[in-house]
**Q** 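Here's a structure for you.
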Number of protein chains: 2
Amino acid sequence: MSSDVAHATPKYYLLKTELLGLMAGLRPGTLIPTERALAEKYATSRTTVRQAISELVAEGKLGRIQGHGTFVAPPKVTHVRQLTSFSDDARAQRLRSDSTVLALDVMISDAEVSAHLGLDQGKTVTRLERIRLIEGEPLAHETAWLPGKLPRFKSSLAKAGSLYAVLADVYGIRIAEVEDTVETALAGPEDVRRLGIEMGAPLLVVHRLARDAAGAPVEWTRSAFRGDRFRFVSRVKSGN
Amino acid sequence: MSSDVAHATPKYYLLKTELLGLMAGLRPGTLIPTERALAEKYATSRTTVRQAISELVAEGKLGRIQGHGTFVAPPKVTHVRQLTSFSDDARAQRLRSDSTVLALDVMISDAEVSAHLGLDQGKTVTRLERIRLIEGEPLAHETAWLPGKLPRFKSSLAKAGSLYAVLADVYGIRIAEVEDTVETALAGPEDVRRLGIEMGAPLLVVHRLARDAAGAPVEWTRSAFRGDRFRFVSRVKSGN
DNA sequence: GGTCAACATTGGCATAGACCAATGGTGTTG
DNA sequence: CAACACCATTGGTCTATGCCAATGTTGACC
C-alpha cells in the first residue's frame with residue numbers, strides 16, 4: 001500500500017523527514033546546520049536542501065534569518081475565536097496581546113467594501129488598519145471597515161483598546177452574529193514587510209462580517225494571519 | 001510608501017504579476033504558454049518561471065498536469081460549514097457532493113484519539129475514512145473516529161449517505177456543539193495520492209470535536225481540505 | 001478500422017555555480 | 001571605552017543545464 005509511494009518519493013521529501021529527525025529533541029531557537037553544510041552531509045545540492053527547508057518553514061517547523069541561520073521554530077499558537085474580539089480571545093487564554101494602529105481614517109467605500117456592508121458605493125466608511133501582536137510577536141494584519149463616520153472614535157479606541165468594547169460601550173452597538181470566511185493565501189511583499197515573514201509563506205486569510213441584532217452589517221474585516229504560527233478555533237453550539 | 005518595496009521585489013514575483021495579467025480574461029482550463037516558452041519570452045530561466053508558477057498554483061490560480069501543460073484554474077468553491085454535515089452543507093449550496101469510503105472498521109484507540117474522545121487508551125472505536133467530492137472533484141480527505149462499536153453501522157451509512165443523519169436517525173445521537181480547529185499544512189505524498197494535488201500544496205487541516213447535549217464527545221474528525229480549491233465559512237450567532 | 005509502438009512535448013526533480021543582502025564578529029580608530 | 005569600518009558567514013535569488021516521467025500524437029502494422 002505504501003511501497004509504490006516510497007518509490008516515487010522525491011529526494012527533497014526524504015531530506016525533509018531526515019531533518020525532522022535531526023530536529024527532534026532540539027529546543028526551539030536552536031540553530032541547525034547551514035544549507036551548505038547539509039548539502040554536503042547528505043550528498044545533495046543546496047537547491048534540494050533549500051526546497052526541503054522551505055517546506056518545513058512553511059509548515060512552521062523551522063524559521064530562518066538571512067545572515068544568521070536556520071533554527072527550530074516555537075510551537076504554533078492556538079487562538080480561540082468566538083463572538084468576541086481579538087483582545088478578549090487572547091486574554092481568555094492568558095496570552096499577552098497588543099496591536100499597532102497603522103491607519104485610522106474616514107474614506108469613501110469601494111465596490112468590495114460597499115457590497116459587504118450593504119452600502120451604496122461612494123458612502124463614507126471608517127477604516128481601521130492594525131497589526132495584531134501575541135506575546136509581542138506580529139501575528140496578523142487586519143483591516144476593519146465600519147459604516148459611516150464615528151465621532152470621537154480615535155480617542156475612544158485609544159482608551160479602550162478593543163474595537164468591540166468601543167462599539168458596545170461608546171456607541172451602543174452590540175455584535176449579534178459573525179460570519180467568518182477562511183482560506184489560504186501566500187504572503188506577498190506587503191505581508192512580508194508587515195508581518196516579518198518570508199515570501200510565499202502560507203497565510204490564513206479570514207474575512208469577517210459582523211451584524212447587530214437587527215441583522216444590519218456593523219463591521220467587515222479582512223485579517224491575514226500567519227499560517228506558520230497560528231491555529232484557528234471556533235466553537236458553535238446548537239441553535240444556529 | 002511602496003517604492004522601497006518595488007526595489008526589493010524579486011524577479012519571480014514580478015513575473016507572477018505578469019502572468020496574472022496574461023491570465024486575465026482567459027477562461028478556466030485555458031492553457032498558458034509552456035515553462036520553456038515563458039522563460040524565453042521574459043528573458044529569464046525556467047527555474048524562475050517555475051517558482052512564479054508554483055506560487056500561483058499554490059494560490060489556486062493555476063493548475064498543471066505533467067506532460068500536458070499549465071492552465072487557468074477554476075474559481076474556489078465556497079463551503080459553508082455549520083452544525084451540519086458535509087453533505088448537508090453542500091446541498092444547501094446546490095453543489096453535488098459525494099464521498100468514497102476508504103476504510104470503515106473497528107479499532108483500538110491510540111493516544112491521540114483517546115485524548116480527544118475522552119476515553120481511556122485501548123478502548124474500542126469506530127473509524128470511518130472517506131474522500132469527499134464536490135462536483136465530482138476530490139476536495140478533502142477525512143477520517144472520523146466514534147466511541148465504541150456501532151451495530152449495523154456500515155449498512156446504515158450506505159443507505160443514508162450522511163454520517164450525521166445516521167447518528168441522529170439510527171442511534172438517536174444529536175450533535176449539540178462542535179469545535180473546529182483550522183490550521184495550514186503542506187501536502188505530502190499521501191495527500192498527493194488521495195487528493196490528486198501536487199507536492200507541497202497548501203492544505204486546510206480541520207480537526208472537529210462534536211459533542212452531544214450532555215457535553216459528551218460523539219465524534220472526532222481530522223479533515224484535510226485542498227487549500228487551493230476551498231474556502232471555509234462558519235457562522236456564529238450570539239448566545240454562545 | 002483498431003491496436004500498439006515510437007516519439008515529441010511538457011512538466012518534475014536535481015545539479016553546480018554565481019552573485020546579492022543581511023547579520024554578526026573583529027579589529028582599528030578616535 | 002565607544003564608535004565605526006571591514007570582513008567572513010549565512011540565507012536569498014537567479015542562471016544554465018541535464019535527465020526523468022507523464023501525456024498525447026503520429027504512424028506502422030495487423
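Chain letters run A, B, ... following the sequence lines, proteins first and then strands; every chain starts at 1. Values in this document were obtained by computation on a predicted structure and should not be read as measured data. Only this structure's heavy atoms are used, side chains among them; waters, hydrogens and symmetry mates stay out.
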**Q** Could you check how far CD of A/Q51 sits from P of D/dG11, rounded to whole Å?
**A**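 For the pair A/Q51 CD and D/dG11 P, the rounded distance is 17 Å.
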
**Q** Before giving the answer on salt bridge (charged side-chain N to carboxylate O under 4.0 Å, His left out), spell out for A/R222 and A/E142 the whole-Å C-alpha distance, their side-chain angles and the decisive distance to 0.1 Å.
**A** CA-CA 6 Å; A/R222 176 199 185 271; A/E142 187 171 293; over 6 Å; no

**Q** Starting at atom CZ of A/F71, determine the distance to atom P of D/dT10, rounded to an integer number of angstrom.
**A**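 Value for this atom pair: 16 Å.
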
**Q** Can any side-chain N or O of B/H68 pair as donor or acceptor with the backbone N or O of B/R64 at less than 3.5 Å?
**A**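 Not a single qualifying donor-acceptor pair exists.
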
**Q** With hydrogens left out and only the distance checked, is there a donor-acceptor pair under 3.5 Å joining B/R36's side chain and the base of C/dG11?
**A**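 Looking at the base of C/dG11, it does pair with a donor or acceptor on the side chain of B/R36 (distance under 3.5 Å).
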
**Q** Go nucleotide by nucleotide along DNA chain D from the 5' end; which of A/T70 and A/T47 gets its closest nucleotide reached first?
**A**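 The residue mapped nearer the 5' terminus is A/T70.
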
**Q** If I take atom CD in residue B/Q66 and atom P in nucleotide C/dT10, what distance separates them, rounded to the nearest angstrom?
**A**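 Interatomic distance, CD of B/Q66 to P of C/dT10: 13 Å.
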
**Q** Would one find a side-chain N or O of A/H68 under 4.0 angstrom from OP1 or OP2 of C/dG24?
**A**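 Yes, such a contact exists.
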
**Q** Considering every strand and a 4.0 Å limit on heavy-atom distances, what is the contact class for A/I53: base, sugar-phosphate, or nothing?
**A**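 A/I53: no heavy atom of the nucleic acid under 4.0 Å.
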
**Q** Quick one: which of D/dA16, C/dG11, C/dA14 gets closest to the side chain of B/S45?
**A**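 In terms of side-chain proximity for B/S45, the closest of D/dA16, C/dG11, C/dA14 is D/dA16.
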
**Q** How close or far is atom P of D/dT15 from atom CD of B/E40, stated in whole angstroms?
**A**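 Spelled out: CD on B/E40 to P on D/dT15 is 14 Å.
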
**Q** Would you say D/dT15 has OP1 or OP2 under 4.0 Å from some side-chain N or O of B/T48?
**A**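 Result: yes.
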
**Q** Could you check how far CG of A/L38 sits from P of C/dT15, rounded to whole Å?
**A**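 That distance rounds to 13 Å.
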
**Q** 5'-most contact on DNA chain C: A/G67 or B/E35, nearest heavy atom basis?
**A**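 Residue closer to the 5' terminus by nearest nucleotide: B/E35.
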
**Q** Ignoring hydrogens and geometry beyond distance, is the side chain of A/R50 in donor-acceptor contact with the base of D/dG11 at under 3.5 Å?
**A**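 Side chain to base: no pair below 3.5 Å.
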
**Q** Check whether B/T184 reaches the backbone of A/G227 with its side chain - one donor and one acceptor, N or O, closer than 3.5 Å.
**A**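 Checking the backbone N and O of A/G227 against the side chain of B/T184, a donor-acceptor pair under 3.5 Å is found.
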
**Q** Rounded to whole Å, how long is the line connecting atom CG of B/L15 with atom P of D/dT13?
**A**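 Going from B/L15 (CG) to D/dT13 (P), I get 14 Å.
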
**Q** Is it true that a side-chain atom of A/S109 and a backbone atom of A/S114 form a donor plus acceptor pair closer than 3.5 Å?
**A**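 Not at all, since once roles are kept as given, no pair shorter than 3.5 Å links the two residues.
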
**Q** Ignoring backbone atoms, establish whether B/K11 has a side-chain N or O less than 4.0 Å from OP1 or OP2 of D/dG12.
**A**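 Answer no for this pair, as no side-chain N or O of B/K11 is under 4.0 Å from OP1 or OP2.
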
**Q** Quick check: any donor-acceptor pair below 3.5 Å linking the side-chain of A/R64 to the base of D/dG12?
**A**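 Absent.
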
**Q** Taking atom types as modelled, find out whether A/H141 and A/E129 have a side-chain donor-acceptor pair closer than 3.5 angstrom.
**A**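 Yes - a donor-acceptor pair under 3.5 Å links their side chains.
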
**Q** Is there a side-chain contact between B/T44 and the phosphate of D/dT15, meaning an N or O under 4.0 Å from OP1 or OP2?
**A**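 The answer is yes; a side-chain N or O of B/T44 sits under 4.0 Å from OP1 or OP2.
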
**Q** Identify which nucleotide among D/dA21, D/dG18, C/dA14 has an atom closest to any side-chain atom of B/R46, counting heavy atoms from C-beta outward.
**A**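 Within the option list, the nearest is D/dG18.
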
**Q** Could you state the CD-C1' distance from A/E55 to C/dC13, rounded to the nearest angstrom?
**A**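 About 13 Å, once rounded to whole Å.
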
**Q** Roughly how many Å is it from CG in A/L31 to P in C/dG24, rounded to a whole number?
**A**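 Interatomic distance, CG of A/L31 to P of C/dG24: 10 Å.
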
